[in-house]
K.L.:
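Please see the structure below; I have some questions.
The basis for the numbers below is simple: all heavy atoms, side chains too, and nothing from hydrogens, waters or symmetry mates.
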Amino acid sequence: MHATPQWGEEGCSMLRGLMQDAPLLISGILEYAARAHGEREIVSKAVDEPVWRYDWHRCDQRARQAAQALGVLGIAMGDRVSSLAWNTHRHLELFYAAPGMGAVLHTANPRLSDEQIAFTIAHAGSRILFFEPNLAELVARLRPLLPGIERYVLLADRGATAPDVADALNYEALLAREDGALTWPSFDEKAAAFLCYTSGTTGDPKGVLYSHRSIVLHGMAAGLSSAFGFSAFDVIMPCSSMYHATAWGLPFTAAINGCKLVLPCDRMDGASLADLINEEGVTFSGGVPTIWTMYLAHLDTTGTGVGNLKRLVIGGSAVPRAMAETFRAKYGVTVLQLWGMTETNPLGVISTPSPLLMAEGEDFAIDVLLSKQGRMQFGIELRIIDDGGVPLPWDGEQAGALQVRGPWVVDRYFPDIEGAGSDGWFDTGDIGTIDRFGFLRLTDRAKDVIKSGGEWISSIDIENAAVGYPGVRVAAVVGVYHPKWEERPLLVIETHEGQAVTADAIRAHLETKVVRWWLPDDILFATVPLTATGKIDKKALREAYRNQLA
């Protein structure tokens, strides 16, 4: 029997495909990994415990037990549960257990202030809070602010307790009561799965409610050759926190591609990362620049090698060019820049080469890959617009407001707050250019761009130039009040321990890198404050030094 089109007054109606309609669910990712790559190893550090070793098959079994335990505790479809947890195997199991049984996992950020953490948990409407042993004191402080939390669960070995939260249930004890004989339920792929809060907006943190569909599509796209380029031979260590935009989706992309997964808990210092990378054969890792600054410093002082490490994806803030060049030239490690946000699940663009780019010559291609955030990926549309909302050409010159849309881009904030525009385009708050190769270059955040005498100055360009000077650990540029020019750039530098760097030397170095009128009016040496996600806290710097040039 042949399907025939149905004609109406307006012409040919839609002809439906005759394929099976299976929902894209997070549980399907874990089921696949358990069956196709069941013996592929998962290695996890944990708080005050020996290293945990198991595989995707056992992870699937324990996630089912965790889902059963959630049901016993009264959690049902659509209910929210919160975690205050690090990059560990138990947190990984919750990543699959809660959404797998139809609930929503809110990954609270323990680096926020007590008030902000409590706000996100209360705003999420969570009923259960899972927490790590070394966060028990924090949970005890938060408890008076969390009347909606009915149960507290300690993510620790069986028999462990938390004196600060004496009535907390024990995660391993809960799992021991269940047999894992659970069939993952099937439901609408548009159902909510994760609730992640961003502090990159004005006012209170805003909740971004990821769906199963967005997580699965994002996880599939992230492993493509144009993105992270994974294969089943890769060993992946996420150093982006699992509470921050689901560790950039790596726990899902790793499972989809059958990769070995290494979880570092909360130990992101250079020595701990070097040990794990070398001992576990890590080939790929990712995190914010500050983590890799510490890692490089450790390698430099100890003479340690990088083992099997081949690729690093670095995002959260612009990658210092000197860092990328050091990894490439000294250690043979390719640095992939990434731009994204909590609102994009978070993958936006990645700096991988293309034939069109390489046709311009290797030197040209390397310059683009190291100086721009990356190229557009399948699933994400990009555009830049002028102040009147008119799209600008992709010429690499004209800068405008960056907007995005796609199946893993936020539509509305939780529970029902305006996010994207009526045309589906989401304004990222970034300013940038896009070149003919499809590469995005961010010139600033809209709130961080410096306007001096009516002309724009890019804080990112000055920071990247300054951090390339020997001895500079972190460089931050903010615009502060100036009586004549409205705003002028102020440069704050944090040096590596024991390094002597002078303002005159920095200024002389910058004179060769940026136009003269961009040079900072003052250069200070101080500890650069970081946000809860490891980014430079420019709000704090502007407040601290607002009258520095007055």
K.L.:
Give, for atom CD of Gln398 and atom CD1 of Ile434, the distance between the pair rounded to the nearest 0.5 Å.
P.N.:
12.0 Å
K.L.:
Are any non-hydrogen side-chain atoms of Gln548 and Val478 less than 4.5 angstrom apart?
P.N.:
no
K.L.:
Applying side chain to side chain donor-acceptor pair (under 3.5 Å), run through Asp269 and Ser272 and close with a yes or a no.
P.N.:
CA-CA 6 Å; Asp269 60 281; Ser272 295; 2.8 Å; yes
K.L.:
Looking at Ala46, is its backbone amide N or carbonyl O close enough to the side chain of Arg267 to form a donor-acceptor pair, meaning the two atoms are under 3.5 Å apart?
P.N.:
yes
K.L.:
With no hydrogens and no angle check, is any side-chain donor or acceptor of Ser44 less than 3.5 Å from a backbone partner on His89?
P.N.:
yes
K.L.:
Considering residues at least two apart in sequence or located in another chain, which fulfil the side-chain contact (heavy atoms from CB on, under 4.5 Å) criterion with Lys513?
P.N.:
Ala465, His509
K.L.:
So which atom in Ala124 and which in Leu195 form the shortest heavy-atom distance, rounded to 0.1 Å?
P.N.:
CB-CD2, 3.5 Å
K.L.:
Quick check: do Leu530 and Asp537 have side-chain heavy atoms less than 4.5 Å from each other?
P.N.:
no
K.L.:
Do side-chain atoms of Arg375 reach the backbone of Thr352 as a donor and acceptor pair under 3.5 angstrom?
P.N.:
yes
K.L.:
Kindly confirm or rule out a cation-pi arrangement of Lys372 over Phe439, judged by NZ or CZ under 6.0 Å from the six-membered ring centre and within 45° of its axis?
P.N.:
no
K.L.:
Cut-off 3.5 Å, no hydrogens considered: what does the side-chain donor-acceptor table look like for residues 212-232, sequence neighbours left out?
P.N.:
unit_1, atom_1, unit_2, atom_2, d
His212, ND1, Ile26, N, 3.1
His212, NE2, Pro99, O, 3.3
Arg213, NE, Glu189, OE2, 3.4
Ser214, OG, Ser211, N, 3.1
Ser214, OG, Ser211, O, 2.9
Ser214, OG, Ser211, OG, 3.4
Ser214, OG, Asn345, OD1, 3.1
His218, NE2, Asn345, O, 3.4
His218, NE2, Leu347, N, 3.0
Ser226, OG, Gln377, OE1, 2.9
Ser231, OG, Phe233, N, 3.2

K.L.:
Can you tell me if Asn257 uses its side chain to pair, donor with acceptor, with the backbone of Cys259 under 3.5 Å?
P.N.:
no
K.L.:
Suppose we screen for ring-ring contact (aromatic ring centres under 6.0 Å, His included). Which residues come up paired with Phe525, at least two apart in sequence or across chains?
P.N.:
none
K.L.:
Do any pairs count as a side-chain hydrogen bond (donor to acceptor under 3.5 Å, both in side chains) and have a residue in residues 489-505, sequence neighbours left out, and if so which ones?
P.N.:
Arg473-Glu494
K.L.:
Whether the side chain of Ser285 engages the backbone of Pro238 through a donor-acceptor N/O pair (distance < 3.5 Å, no angle test) should be reported.
P.N.:
no
K.L.:
Calculate, to the nearest 0.5 Å, the distance between atoms OH and OG1 belonging to Tyr413 and Thr342 respectively.
P.N.:
8.5 Å
K.L.:
If you round to the nearest 0.5 Å, how far is CG of Asp430 from OG1 of Thr443?
P.N.:
8.5 Å
K.L.:
For residues 293-322, which residue pairs pass the ring-ring contact (aromatic ring centres under 6.0 Å, His included) check, not counting sequence neighbours?
P.N.:
Trp292-Tyr295
K.L.:
With side-chain contact (heavy atoms from CB on, under 4.5 Å) as the criterion, how do Val43 and Lys260 come out once you've worked through the C-alpha distance, each side chain's angles and the decisive distance to 0.1 Å?
P.N.:
CA-CA 8 Å; Val43 180; Lys260 175 179 175 179; 3.8 Å; yes
K.L.:
Between Thr107 and Met242, is there a side-chain heavy-atom distance shorter than 4.5 Å?
P.N.:
no
K.L.:
Considering residues at least two apart in sequence or located in another chain, which fulfil the salt bridge (charged side-chain N to carboxylate O under 4.0 Å, His left out) criterion with Glu132?
P.N.:
none
K.L.:
Just wondering, more than 12 heavy atoms not from Asp395 lying within 6.0 Å of its CG?
P.N.:
yes
K.L.:
May I have the step-by-step check of side chain to side chain donor-acceptor pair (under 3.5 Å) for Asp234 and Thr283, ending in yes or no?
P.N.:
CA-CA 6 Å; Asp234 272 305; Thr283 63; 2.7 Å; yes
K.L.:
Does any N or O in the side chain of Lys538 come within less than 3.5 Å of the main-chain N or O of Val477, such that one atom is a donor and the other an acceptor?
P.N.:
yes
K.L.:
Could you tell me which non-hydrogen atom of Val235 sits nearest to which non-hydrogen atom of Val262, and how far apart they are?
P.N.:
CG1-CG2, 3.7 Å
K.L.:
Using a strict threshold of under 4.0 Å (side-chain N to carboxylate O), is an ion pair present between Arg441 and Asp461?
P.N.:
yes
K.L.:
Run the salt bridge (charged side-chain N to carboxylate O under 4.0 Å, His left out) test against Arg321 and tell me which residues pass, sequence neighbours left out.
P.N.:
Glu325, Asp367
K.L.:
With distance as the sole test, does Gln373 use its side chain to make a donor-acceptor pair with the main-chain N or O of Leu442 at under 3.5 Å?
P.N.:
yes
K.L.:
Within the side chain of Thr344, is there an N or O that forms a donor-acceptor pair under 3.5 Å with the backbone of Gly340?
P.N.:
no
K.L.:
Drop me the distance from Asn464's CG to Ser371's OG, to the nearest 0.5 angstrom.
P.N.:
9.5 Å
K.L.:
Taking it one step at a time, do Leu261 and Trp56 satisfy side-chain contact (heavy atoms from CB on, under 4.5 Å)?
P.N.:
CA-CA 9 Å; Leu261 189 62; Trp56 284 111; 4.0 Å; yes
K.L.:
Return the CG to CG distance between Asn278 and Asn308, rounded to the nearest 0.5 Å.
P.N.:
8.5 Å
K.L.:
Calculate, to the nearest 0.5 Å, the distance between atoms CD1 and CG belonging to Ile536 and Leu541 respectively.
P.N.:
7.5 Å
K.L.:
Checking the side chain of Gln337 only, and the main-chain atoms of Leu370 only, is there a donor and an acceptor separated by less than 3.5 Å?
P.N.:
yes
K.L.:
Under the side chain to side chain donor-acceptor pair (under 3.5 Å) criterion, do Tyr32 and His37 qualify, and how do the steps go?
P.N.:
CA-CA 8 Å; Tyr32 166 78; His37 303 280; 3.2 Å; yes
K.L.:
Identify, with sequence neighbours excluded, every residue that meets side chain to side chain donor-acceptor pair (under 3.5 Å) alongside Arg383.
P.N.:
Gln403, Asp423
K.L.:
Do you know which two heavy atoms are closest between Pro470 and Val501, and how far apart they sit?
P.N.:
O-CG2, 3.8 Å
K.L.:
Just so I know, are the side chains of Ile493 and Ile506 near enough to count as touching, which here means a heavy-atom distance under 4.5 Å?
P.N.:
yes
K.L.:
What pair of heavy atoms forms the shortest contact from Val467 to Ala475, and how long is it?
P.N.:
N-CB, 4.1 Å
K.L.:
With sequence neighbours left out, what residues match Arg412 under salt bridge (charged side-chain N to carboxylate O under 4.0 Å, His left out)?
P.N.:
Asp416
K.L.:
My understanding is that only residues two or more places apart in sequence, or in another chain, count here; which of them pass salt bridge (charged side-chain N to carboxylate O under 4.0 Å, His left out) with Arg328?
P.N.:
none
K.L.:
What about His91 and Tyr243, are their ring centers closer than 6.0 Å?
P.N.:
no
K.L.:
With sequence neighbours left out, what residues match Phe378 under ring-ring contact (aromatic ring centres under 6.0 Å, His included)?
P.N.:
none
K.L.:
Heavy-atom distance under 4.5 Å between the side chains of Leu299 and Val306, does that happen here?
P.N.:
yes
K.L.:
What I'd like to find out is whether the side chain of Glu343 reaches to under 4.5 Å of the side chain of Lys206, using heavy atoms alone.
P.N.:
no
K.L.:
So Leu402 and Trp339, do their side chains get closer than 4.5 Å, heavy atoms only?
P.N.:
yes
K.L.:
Please list, chain by chain and in numerical order, all residues satisfying ring-ring contact (aromatic ring centres under 6.0 Å, His included) with Phe252, sequence neighbours excluded.
P.N.:
Phe95, Tyr96, Phe194
K.L.:
Would you check if Pro353 and Leu369 make a side-chain contact, meaning some heavy-atom pair closer than 4.5 Å?
P.N.:
yes
